[in-house]
Number of protein chains: 2
Amino acid sequence: MPITLKDIAQKTGYSVTTISRALGGYSDVNEQTRQHILHTAEQMGYHPNLVARTLKSQRAHTIGIVTPATAASADSDFFSVLLRGVGYVAARHHYDILLSGQMDEADEMRVYRHLVGGKRVDGIVVARTIPDDPRIAYLKKSGLPFVVSGRSDAAQGDDFPYIDADNRLGLAMLVTHFIDYGHQHIGLILPPAKYMFTHQREEGYRDALREHGLNYSPSYVRHASAMDQAGGYEAAGELLAAHPNLTAIIGGTDLIALGVMQALNERGIAVGAGVAVGGFDDIPVAQYATPPLTTIRQPVFEIGKMLAGMLIKIINDESPAETQLLIQPELVVRNSSGEKRK
Amino acid sequence: MPITLKDIAQKTGYSVTTISRALGGYSDVNEQTRQHILHTAEQMGYHPNLVARTLKSQRAHTIGIVTPATAASADSDFFSVLLRGVGYVAARHHYDILLSGQMDEADEMRVYRHLVGGKRVDGIVVARTIPDDPRIAYLKKSGLPFVVSGRSDAAQGDDFPYIDADNRLGLAMLVTHFIDYGHQHIGLILPPAKYMFTHQREEGYRDALREHGLNYSPSYVRHASAMDQAGGYEAAGELLAAHPNLTAIIGGTDLIALGVMQALNERGIAVGAGVAVGGFDDIPVAQYATPPLTTIRQPVFEIGKMLAGMLIKIINDESPAETQLLIQPELVVRNSSGEKRK
DNA sequence: TTGTAAGCGTTATCAA
DNA sequence: TTGATAACGCTTACAA
């Protein structure tokens, strides 16, 4: 049913080789011949078989991404926006995106091998790093170009191309903001410890406290069981019970912060005036929360675009100007901060 | 660098054919031989080249989706969630997803030809239909399996596999709810007319009014210039200026409804008590709006899952039980409805 | 039980 | 300027 070079060859009387060259725009084809071939191909509705072309050329013009097992959950917003950014730039370079899904987390390395070994992609985008990420170790060995959203282990130098929001700085900015607003007892509810950015945000918390001469109390810090509102709600309940003296609580993500707000509401504590709340990410919901949520904005869509640009350059041996980028996030103050105290 | 069947053949002394059969689990291979080959393949780190396999077998185990040009905009939530649903089921059937992006809307048919002609996908999911959708006409001709989120033209029978939320019913439910709450003058701000679901929702509006013996006034209906908050805001301004007697306004999507709320706030009209507002879609933001937004919930993630299941069945000639599904949406009453009037 | 050979549709090398 | 021929890595008749 689909038209091949052979079909055009038969119809025009030329060899497959000549058809290929005419369509490929090579100079060593008679102009008349080319016109005839182009015209015939057009009217026959020819479209190259990209599978065959990829097999031969070893170029797929495709970027691979593994969708996280959590993709069905609330957190998936981050991934969706990143993907959109990658897709935006990919389309403009005529690259496609191959999404390979995992059934569960244990499945993840299998999917990476599937993607790398399958030869259908020229490069891979890795998202949501964990400390000492095995995917990165594997990709380094594989030789396939890849870029990473996030870092994996600063101690080991992170010697691979990445773009990361400066999570440490972001959380430090938020803590500094609350200190500036007169808070001395600031709680923190972190996402699960497995994620790399969790540690970076925690570090920012400690750094900012130290910098302002405040005491760092480990018991002010808790991990939510999951990176969603329910996790934040639960952890906030525990934290509030243990430390009624807290005047501000930071959620390690906006969803966690929404859970914190929920817990406060339930206890009749006014968000802002009673206990100030801050989040991280600036998801769309943040500005619609009641009160609107103070948070740290990171440009996820932009990061996706930059990742794709970087990866495509690497694929084409163009060596991008920067291969390790730390993006400065932005403090967005809203009413969940309450009034400045003094 | 990557290991091929040939490499294993050389190492073991068997022919490529035997290697292929041993790995493929065929019965006509000596058990000892198979063990030896399996073991060697394993320790050499063999992974099949899926490009070659696809070229030979004409099966890509991949589902194609074209990302809309609007994917960078606020509306893209719908697409992201649908994609997640498709991906969820695809992964469980060991199918991958090939995303092909368009640069702009004019580019769209080119991308579909690219996807169909390229032979890298076994089927395609189409989203966000328009009346008389040319993509559907093209896919029908192409012979490639496809499923559609949405219908295209009821008059022509929509003779293709689809799953659609019952938009007509959904909006009728919403109108009926407002009528039940005592409203007689209900405005409607629709998304752009190019989308199929816009017309279905408008139909639901008219049907419900008629059913309850209320007059349908075309001037109560406006189209937003875009399917986002700004579009809703602008159109609401015009509508309110022209018809100060309206006591309820429905946004054709939640984002439009948020724009309506913004316009009301600006005029000092209380959402709910002053003018009731309703939306459609139940995006996450809806429940966080102030006041929370009454809306119609459609199970987009579920629809994505069902679409993938249906498509994979069609690909495998399993003829799914249902190929044309209308999903009943759900009315979610929140405070933007205000109190029941009498 | 194993091997030879052809073919999927393309591109590249080499002659003519 | 054009055409045979081989090759990309795999699967599958068909032989042996």
Side-chain angles (χ1 to χ4, degrees), chain A residues 1-38 40-41 44-62 113-122 144, chain B residues 1-38 40-41 44-62 113-122 144:
Chain A
M1 189 71 197
I3 312 303
T4 68
L5 291 186
K6 203 162 137 194
D7 298 320
I8 306 180
Q10 255 147 22
K11 182 113 169 189
T12 57
Y14 290 100
S15 73
V16 168
T17 308
T18 300
I19 309 293
S20 172
R21 274 189 301 225
L23 260 33
Y26 285 74
S27 60
D28 56 356
V29 179
N30 181 296
E31 194 48 34
Q32 294 233 316
T33 312
R34 151 169 295 117
Q35 288 308 329
H36 180 208
I37 291 174
L38 251 52
T40 310
M44 289 180 82
Y46 171 77
H47 192 286
N49 181 319
L50 300 179
V51 177
R53 182 176 280 180
T54 295
L55 179 61
K56 179 64 190 175
S57 69
Q58 309 288 26
R59 281 307 202 93
H61 285 277
T62 303
R113 282 190 294 266
H114 169 79
L115 211 47
V116 171
K119 294 267 132 198
R120 292 175 301 168
V121 301
D122 302 326
L144 193 70
Chain B
M1 191 66 202
I3 313 302
T4 68
L5 291 187
K6 202 163 139 194
D7 297 321
I8 306 181
Q10 258 148 19
K11 182 114 169 187
T12 58
Y14 290 99
S15 73
V16 167
T17 308
T18 301
I19 309 292
S20 172
R21 275 188 300 224
L23 261 32
Y26 285 76
S27 59
D28 56 354
V29 180
N30 181 296
E31 194 48 34
Q32 294 234 315
T33 312
R34 151 170 296 117
Q35 288 308 330
H36 181 208
I37 290 175
L38 251 51
T40 310
M44 290 180 82
Y46 172 77
H47 192 285
N49 181 319
L50 300 178
V51 177
R53 181 176 280 180
T54 295
L55 179 60
K56 176 64 191 178
S57 69
Q58 309 287 29
R59 280 308 200 91
H61 284 276
T62 303
R113 281 191 293 268
H114 169 78
L115 212 45
V116 171
K119 295 267 131 197
R120 292 175 302 168
V121 301
D122 301 327
L144 193 70

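Chain letters run A, B, ... following the sequence lines, proteins first and then strands; every chain starts at 1.
- Note on the helix from C:dT1-D:dA16 to C:dA16-D:dT1: terminal axis deviation equals 50°, with five pairs used at each end and the result rounded to 10°.
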(request) Would you please test B:Thr33 and B:Thr12 for side-chain contact (heavy atoms from CB on, under 4.5 Å) and show each step? (result) CA-CA 9 Å; B:Thr33 312; B:Thr12 58; over 6 Å; no
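- Of the listed nucleotides (C:dT10, C:dT4, C:dT1), C:dT10 has the atom at the smallest distance from the side chain of A:Val16.
- Not a single salt bridge (Lys or Arg N to Asp or Glu O under 4.0 Å) links B:Arg53 to another residue, sequence neighbours left out.
- Of the inter-residue distances, the one linking A:Asn49 atom CG with B:Gln58 atom CD reads 7.0 Å to the nearest 0.5 angstrom.
- Here the straight-line distance linking atom CZ of A:Arg21 with atom OG of A:Ser27 works out to 10.0 Å at 0.5 Å rounding.
- The distance from the CZ atom of A:Arg120 to the OG1 atom of B:Thr62 is 4.5 Å, given to the nearest 0.5 Å.
- The ring pair (Phe, Tyr, Trp, His ring centres under 6.0 Å) check on B:His114 picks up nothing, with sequence neighbours excluded.
- Atoms CD1 and NE2, on A:Ile3 and A:His47 in that order, are 12.5 Å from each other to the nearest 0.5 Å.
- Across all strands, A:Val51 comes closer than 4.0 Å to no nucleic acid atom at all (heavy-atom distances).
- The shortest distance between side-chain heavy atoms of A:Leu23 and A:Leu5 falls below 4.5 Å.
- When heavy atoms are screened at a 4.0 angstrom cut-off, B:Thr54 is found touching no nucleic acid atom at all.
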(message) I'd like to know whether A:Tyr46 forms a side-chain contact (heavy atoms from CB on, under 4.5 Å) with A:Thr40, so could you lay out the CA-CA distance, the side-chain angles of the two residues, the decisive distance to 0.1 Å, and finally the verdict.
(response) CA-CA 9 Å; A:Tyr46 171 77; A:Thr40 310; over 6 Å; no
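- Taking a heavy-atom distance under 4.0 Å as the criterion, the stretch of DNA chain D touched by chain A extends 5' to 3' from D:dT1 to D:dG9.
- No more than 12 heavy atoms of other residues, nucleotides or ligands shown are found within 6.0 angstrom of CD on B:Gln32.
- Put simply, A:Tyr46 has no side-chain N or O that comes within less than 4.0 Å of OP1 or OP2 on C:dG9.
- One can place CZ of B:Arg34 at 13 Å from C1' of C:dT2, the figure rounded to the nearest angstrom.
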(request) Take B:Thr54 and A:Leu55 through the side-chain contact (heavy atoms from CB on, under 4.5 Å) test and state the conclusion after the steps. (result) CA-CA 10 Å; B:Thr54 295; A:Leu55 179 61; over 6 Å; no
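- Of the residues in residues 20-32 of chain A, A:Arg21, A:Asp28, A:Val29, A:Asn30 come within less than 4.0 Å of DNA chain D through at least one heavy atom, sorted by number.
- Of the candidates A:Ile19, A:Thr18, A:Val16, A:Ile8 forms a side chain to side chain contact (heavy atoms under 4.5 Å, CB included) with just one, namely A:Ile19.
- Taking CG from A:Leu50 and CZ from A:Arg59, the interatomic distance works out to 14.5 Å, rounded to the nearest 0.5 Å.
- The side chain of B:Thr33 approaches C:dT1 more closely than any other nucleotide in the set C:dT1, C:dT10, C:dT4.
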Write out a two-atom table: protein N or O, nucleotide N or O from nucleotides 6-8 of chain C, distance below 3.5 Å.
residue : atom : partner : partner atom : Å
C:dG7   : N2   : B:Lys56 : NZ           : 3.3
C:dC8   : O3'  : B:Gln58 : NE2          : 3.4

